[in-house]
Enquirer: 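Just dropping this structure here.
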Protein chains: 2
Amino acid sequence: MPASNVAPCRQNPRMPTPADCSQCSAYGLAVCSALDIEELGQLESHASKLSVPANGVLARAGQPCRHAYSVTSGMMRLVRTLPDARRQVIDFMLPGDFIGLSEAQTYRHNVEAVVQSTTCVFDMGEIRQFRERHPKLEHKMLERACIDLDNAQDAMMMLARLSPLERLASFLLRMRRRYRENGISDALVALPMGRSDIADHLGLTIETISRSFTRLRGQALIALPDPQHVEILDEAALSELAHATS
Amino acid sequence: MPASNVAPCRQNPRMPTPADCSQCSAYGLAVCSALDIEELGQLESHASKLSVPANGVLARAGQPCRHAYSVTSGMMRLVRTLPDARRQVIDFMLPGDFIGLSEAQTYRHNVEAVVQSTTCVFDMGEIRQFRERHPKLEHKMLERACIDLDNAQDAMMMLARLSPLERLASFLLRMRRRYRENGISDALVALPMGRSDIADHLGLTIETISRSFTRLRGQALIALPDPQHVEILDEAALSELAHATS
DNA sequence: CGTCCTCTTGATTCCCGTCAACTCTTGTGG
DNA sequence: CCACAAGAGTTGACGGGAATCAAGAGGACG
């Protein structure tokens, strides 16, 4: 990583470029799939593409919601931080995920890139108008919001009641499921985020995460070819651990 | 409570009666407020009213989602339970709250009455059709889903990172805010749910809840005229404790 | 008045967070 | 090429805080 300035983890996104929906690898995953070719063309004129380097910040908590985003490549994280630096990674966003559903006037969390990522940027006001004129898009947004709600409620159960080992099992299965939904079906589950992101997502510490990985490996439920890749060896046992809270 | 049978906490709702939207005390709070008089009349023909006694079960986790509900009086709880009886109260539902936004085919949690409550019952298929024909309702549903999502994400932060005392402070402020949104603005915050419901909502035990109440009272942040009523004495200090995670 | 239930309070246990040390990799520059 | 530094991940030792276990207090109801 180039030591560009005094805040190396807070690099800014590059300048936006025009969107080209016909070339978008996330079409079919994203809310845009609700639109036909012609409608997509109209939407395209309101959108632009933006590349964000690893650890770059796309939006900051507390600032006015001027834009909405659709992740098209890479991986982003939604992060909330308390004044005393306690941190919570609300969710990891994969290609096809939409950022900007909240009804709040200001962003409720930082939007940061886990790895170099690209997003489609919409003006918040324009996309709201567009939604009104295109009920199919509005419907897709509602579907998406309901799925996010279901996931958030699963996460509540996990955070409130599961043990560290159970949380990690649940997390690994969930990550694999999300990759599969995006058509990435590999034996290895990639974990591009660091241990501290996982810890702050599961409400634990990096030490407890590390120990839990070691225990899962010790019980031969997973293999760890390297810290960023997990091979699921015993899916049944992992599911049992996760209690269907995948 | 009448000892009616071997499962006293699992009483069934009474038979439904026709809905009368013009008399509904929750109109203005509920999603129905998106509709005008005429549209409301059409919706009414698809709806019926249902009374549920305290601790009665309106819907069970795992069963097919045949109905959606709008709470019109009382208080309900959404409950998820693990095979080993670990329990999580996902949320408390007040008049105006809508149950049935999930995209899942089956209910994701038990829907139970905290106190005697009434709900408006819709056929799930019919309300979906109705939504398609009435974009204003669809829009209101999306708004509602986004608010629920925001709340669920707040809850994630709370469950993952706040101390017991902070969680309780956050919970009390949140309950008061919700009462105020419903036009109930009393010095006393009513807590009709039992300590075990609060514990299972905050990811703690009843003992820890009780001790936390005692500590808040000891610091003169609240008064407890009786276990079901809390008087907020020092809102600033409570907010400080809750870290804006109300 | 006794029973049942909820809530509160006290005593003990144990798990996870904290603190600390170590490994391993990566990158830098002499 | 190697020394050094920086950062991420792992592992161990220890302590604190919430869960657990247990008992007592207070109401509601017959």
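For the numbers below, each heavy atom of this structure counts, side chains included, while hydrogens, waters and symmetry mates do not. Note on naming: letters A, B, ... go to the chains in the order of the sequence lines (proteins, then strands), and numbering restarts at 1 for each one.
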Enquirer: Rounded to the nearest Å, what distance is computed from the CG atom of residue B/D200 to the C1' atom of nucleotide D/dA19?
Expert: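 About 13 Å, once rounded to whole Å.
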Enquirer: Rounded off to whole Å, could you give me the CD1-to-P distance for the A/I209 and D/dG9 pair?
Expert: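 Rounded to whole Å, this separation is 11 Å.
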Enquirer: How many whole angstroms separate atom CD1 of A/I206 from atom C1' of D/dG12?
Expert: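 These atoms are roughly 15 Å apart.
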Enquirer: Whole angstrom is fine here: how far is it from CE in B/M193 over to C1' in C/dC7?
Expert: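 My rounded result for the distance is 16 Å.
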Enquirer: Please check if the side chain of A/R167 supplies one atom and the backbone of A/L202 the other of a donor-acceptor pair under 3.5 Å.
Expert: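 Pair found, side chain donor or acceptor close to backbone of A/L202.
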Enquirer: Figure out the CG/P separation between A/L202 and C/dC15, and round it to whole Å.
Expert: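 Rounded to the whole Å, the gap is 19 Å.
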Enquirer: For B/L165 and D/dG17, what is the distance between atoms CG and C1' respectively, to the nearest whole Å?
Expert: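 After rounding, the gap between these two atoms is 13 Å.
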Enquirer: Is there a side-chain contact between B/L191 and B/M193 in this structure, where contact means two heavy atoms from C-beta onward sitting under 4.5 Å apart?
Expert: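 Yes - at least one pair of side-chain heavy atoms lies under 4.5 Å apart.
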Enquirer: We want to know whether B/H243 and A/R86 form a side-chain donor-acceptor pair, criterion being a heavy-atom distance below 3.5 angstrom.
Expert: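 Looking only at side-chain atoms, A/R86 and B/H243 do form a donor-acceptor pair, the distance falling under 3.5 Å.
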Enquirer: Please report the distance, rounded to the nearest Å, between CG in B/L162 and P in D/dG17.
Expert: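 Computing the B/L162:CG to D/dG17:P distance gives 16 Å.
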Enquirer: Tell me the interatomic distance from A/F213, atom CZ, to D/dT11, atom C1', rounded to whole angstroms.
Expert: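 So the CZ-C1' distance, A/F213 to D/dT11, works out to 16 Å.
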Enquirer: With respect to the phosphate group of C/dC7, does any side-chain polar atom (N or O) of B/Q228 fall under 4.0 Å of OP1 or OP2?
Expert: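 For B/Q228, the contact criterion (side-chain N or O under 4.0 Å from OP1 or OP2 of C/dC7) is met.
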Enquirer: Do any N or O atoms from the side chain of B/T118 and from the backbone of B/T72 form a donor-acceptor pair under 3.5 angstrom?
Expert: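 Side chain of B/T118 to backbone of B/T72, a donor-acceptor pair under 3.5 Å: no, none is there.
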Enquirer: Give me, pair by pair, the N or O atoms of the protein and of nucleotides 17-24 of chain C that are less than 3.5 Å apart, along with how far apart they are.
Expert:
unit_1	atom_1	unit_2	atom_2	d
C/dG17	OP2	A/T205	OG1	3.3
C/dG17	OP2	A/T208	OG1	2.4
C/dT18	O4	A/R211	NH2	2.9
C/dC19	N4	A/E207	OE2	3.1

Enquirer: Any side-chain to backbone donor/acceptor pair from B/R108 onto A/Q153? Under 3.5 Å, distance only.
Expert: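 Judged by distance alone, no pair lies under 3.5 Å.
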Enquirer: Can you check whether B/R87's main-chain N or O pairs, donor with acceptor, with B/T81's side chain at less than 3.5 Å?
Expert: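 No, B/T81 side chain to B/R87 backbone: no donor-acceptor pair under 3.5 Å.
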